[in-house]
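In what follows, every heavy atom counts, from backbone to side chain, and hydrogens, waters and symmetry copies are set aside. As the structure is a prediction and not an experimental result, all values here were calculated from the model.
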Amino acid sequence: MSVTAGSWADAIGGFREHGPIFLAGACGEPTAFLDAMEEDPELGQGRVFTGVWIPGVNARDPTSANSNRRALSTFATPALAGSVASGLTDILPLHYSETYRWLAGPARVAGAVIQVPPPKKGTIGLGVASDFTPAVMESGAPVVAQLNPAMPDTLNGPRYRIDRFSALIEAETQVLQYDVGSPNDTFRTIAGHVAELINDNDYVQFGLGKLQTSVLRALDGHRGLQLHGGMISVEFLACLETGVFASATTGVALGDDAFYRTVALDPRISFREVGFTHSATTLASLPSFVSVNSILEVDLLGQGNGEFMGREQITGHGGLVDFIRGSKASPGGRSILALPATASGGTRSRIVPRLTKDTPVTVARSDPDWIVTEFGAANMRFATVEERAQRLIAIAAPRHREELSRAWDEISGRGEAN
């Protein structure tokens, strides 16, 4: 059932011949196995690796030491930029809910390498990273685990019998750490507008990054909120202790060791798989579910680009659209998309007349309820095309509003009439 440390080649030698090998992402990243692949270019040669590796969090490329390895990723990350450009990594444009279904069946996963805490009473948990691994468990594929004493076991999370694992390799490495940094005044102002759209006792979801941190701080004074989402960060703990939040259901935690140890044993926090956290059925059953996410740019029709910077893909769909549509199905729910009004030192507006022809639409114009910048909040729900455009122009940076108004006149046909 177990193998000795260092024998990764033997461990994955039992994987099926065909199909991708799943490598856990977020803080469940199997660091010891990735280290071994960098040290031994022969390890995993000729194989395709897949996973949900998050920009700004997962900084490894499984193809880096061997051009005979390939990868399939649902996110474009800085670490993968070189292998994407060279054709060694392909991007899968999938929502989180569809990624989970793909891994559980159609992907035909050959095997998986994950990271787990030490076993307890004949079972093994997934630690503070329970997002996609359960899909592979459902698939029946063989699973090899880095048994890491540094990964805390959780009080509320998925558990599996030890015999579900084809191999356990004990290797203590630091669990991946995440520090989002300090939000600036623009994010704090945006967060203030977002907080005004959230009511006591709402269910709330946040995306990853400085927006989440800013909004959590801005919610001081709210009470009885319940977090339901894909991840929690360090800032959430203060909100839990002060009563802003009463509970959390999440897929992963992202922070430091002290944070991981605390959230793992808090009975108010449950770790669940993406098949539950992002399920349309689950989200529709939550009353007043509010999704709060960031976006890169929006156009005057209300369409959002959440993936591309110019012609370069820098991230992926993630769970963005799952949560937006889940909030619309929730009784009393609403979706919020937030972004700074400008980029490039204020010279470029993030509210644009139309997304360029080379930019895929991540969020359809009919999906968001509110779009928020530091200059205010625009209500998109039940708004006409004209109302949407005018409301978005009103929350653009003042220096860009006249240009956007002229562009909208052209788009709507009024420019030719004049």
Partner of Gln146 by side-chain hydrogen bond (donor to acceptor under 3.5 Å, both in side chains), out of Asp35, Thr173, Thr31:
Thr173

Could you walk me through whether Glu29 and Trp53 pass side chain to side chain donor-acceptor pair (under 3.5 Å), step by step?
CA-CA 9 Å; Glu29 181 179 274; Trp53 308 314; over 6 Å; no

Rounded to the nearest 0.5 angstrom, the CG-OG distance for Asp299 and Ser349 is 11.0 Å

Donor-acceptor pair, Thr249 side chain versus His228 backbone, under 3.5 Å?
no

Close side-chain approach of Met309 and Thr315, heavy atoms under 4.5 Å
no

Pair Tyr160, Ile124 - check side chain to side chain contact (heavy atoms under 4.5 Å, CB included), show working.
CA-CA 5 Å; Tyr160 301 91; Ile124 295 178; 5.5 Å; no

Output for pair (Thr99 OG1, Asp322 CG), nearest 0.5 Å, gives 8.5 Å

Considering only NZ, NE, NH1 and NH2 on the basic side and carboxylate oxygens on the acidic side, decide whether Asp185 and Arg188 come within less than 4.0 Å.
yes

Taking all non-hydrogen atoms of both residues, which atom of Pro62 and which atom of Leu80 are closest, and how far apart?
CD-CD2, 4.3 Å

Option from Leu155, Asn156, Thr154, Thr250 for which side chain to side chain contact (heavy atoms under 4.5 Å, CB included) with Ser270 holds:
Asn156

Would you call the rings of His278 and Phe323 parallel, tilted or perpendicular, where under 30° means parallel and over 60° means perpendicular?
tilted

Would you say that Thr362 contacts His317 through its side chain, given a criterion of any heavy-atom pair below 4.5 Å between the two side chains?
yes

Are any non-hydrogen side-chain atoms of Thr277 and Tyr96 less than 4.5 angstrom apart?
no

Quiz question: by atom type and distance under 3.5 Å, do the side chains of Thr359 and Asn305 form a donor-acceptor pair?
no

Answer yes or no: is there a donor N or O on one side and an acceptor on the other, between the side chain of Arg69 and the main chain of Leu43, under 3.5 Å?
yes

When rounded to the nearest 0.5 Å, the distance separating CG of Leu337 from CE of Met380 is 10.5 Å

Can you name the one residue among Asp367, Asp202, Asp369 that meets salt bridge (Lys or Arg N to Asp or Glu O under 4.0 Å) with Arg334?
Asp202

So CD1 of Ile21 and CZ of Arg70: to nearest 0.5 Å the spacing works out to 14.0 Å

Under the side chain to side chain contact (heavy atoms under 4.5 Å, CB included) criterion, do Leu126 and Phe271 qualify, and how do the steps go?
CA-CA 9 Å; Leu126 300 179; Phe271 288 86; over 6 Å; no

Is it the case that atom CG in Asp220 sees more than 12 heavy atoms from other parts of the structure closer than 6.0 Å?
no

Validation row: Val204, Val215 side chains within 4.5 angstrom (heavy atoms)
no

Examine distances only and state if a side-chain atom of Gln390 and a backbone atom of Arg388 form a donor-acceptor pair shorter than 3.5 Å.
no

Do the side chain of Ser279 and the main chain of Thr282 share a donor and acceptor less than 3.5 angstrom apart?
yes

Is there a side-chain contact between Ile351 and Leu300 (heavy atoms, below 4.5 Å)?
yes

Does Thr77 use its side chain to pair, donor to acceptor, with the backbone of Ile54 at less than 3.5 Å?
no

Check step by step if salt bridge (Lys or Arg N to Asp or Glu O under 4.0 Å) holds for Arg268 and Glu241.
CA-CA 11 Å; Arg268 295 167 293 181; Glu241 293 309 311; 2.8 Å; yes

Are the side chain of Arg401 and the backbone N or O of Ala396 linked by a donor-acceptor pair below 3.5 Å?
yes

Can you tell me if Ser139 uses its side chain to pair, donor with acceptor, with the backbone of Val136 under 3.5 Å?
yes

Start with the C-alpha distance between Val128 and Phe259, add both sets of side-chain angles, then the distance that settles side chain to side chain contact (heavy atoms under 4.5 Å, CB included), and finish with yes or no.
CA-CA 10 Å; Val128 291; Phe259 171 66; over 6 Å; no

Indicate yes or no: at least one non-hydrogen side-chain atom of Ser288 is less than 4.5 angstrom from one of Asn201.
no

Where the side chain of His222 meets the backbone of Ile198, is there a donor-acceptor pair that is under 3.5 Å apart?
yes

Heavy-atom side-chain proximity of Arg217 to Pro183 below 4.5 angstrom:
yes

Residue Arg223 excluded, over 12 heavy atoms near CZ under 6.0 Å:
yes

Could you give the distance from OG (Ser67) to CD (Gln45), rounded to the nearest 0.5 Å?
10.0 Å

Glu387 side chain to Asn379 side chain, donor-acceptor N/O pair below 3.5 angstrom
no

For Gln313 and Gly316 the tightest heavy-atom approach is NE2-CA, 4.0 Å

Tell me whether the rings of Phe33 and Phe49 are parallel (<30°), tilted (30 to 60°) or perpendicular (>60°).
tilted

Walk me through it: do Cys27 and Tyr260 pass the test side chain to side chain contact (heavy atoms under 4.5 Å, CB included)?
CA-CA 10 Å; Cys27 63; Tyr260 294 147; 3.7 Å; yes

Tell me the closest heavy-atom pair linking Gly346 and Thr342, and the distance in Å.
CA-OG1, 3.4 Å

Are any side-chain N or O atoms of Arg350 and backbone N or O atoms of Leu339, one a donor and one an acceptor, separated by less than 3.5 Å?
no

Is the side chain of Ser247 donor-acceptor paired with the backbone N or O of Gln226 at a distance under 3.5 Å, no angle test?
no

Is the shortest distance from a Lys or Arg side-chain nitrogen in Glu402 or Arg406 to a carboxylate oxygen in the other one below 4.0 Å?
yes

Rounded to the nearest 0.5 Å, what's the gap from NE2 on His193 to CH2 on Trp370? Could you check?
11.5 Å

So does Glu98 pair up with Arg101, basic N to acidic O under 4.0 Å?
yes

Any heavy-atom pair between the side chains of Met151 and Val116 that's under 4.5 Å?
no

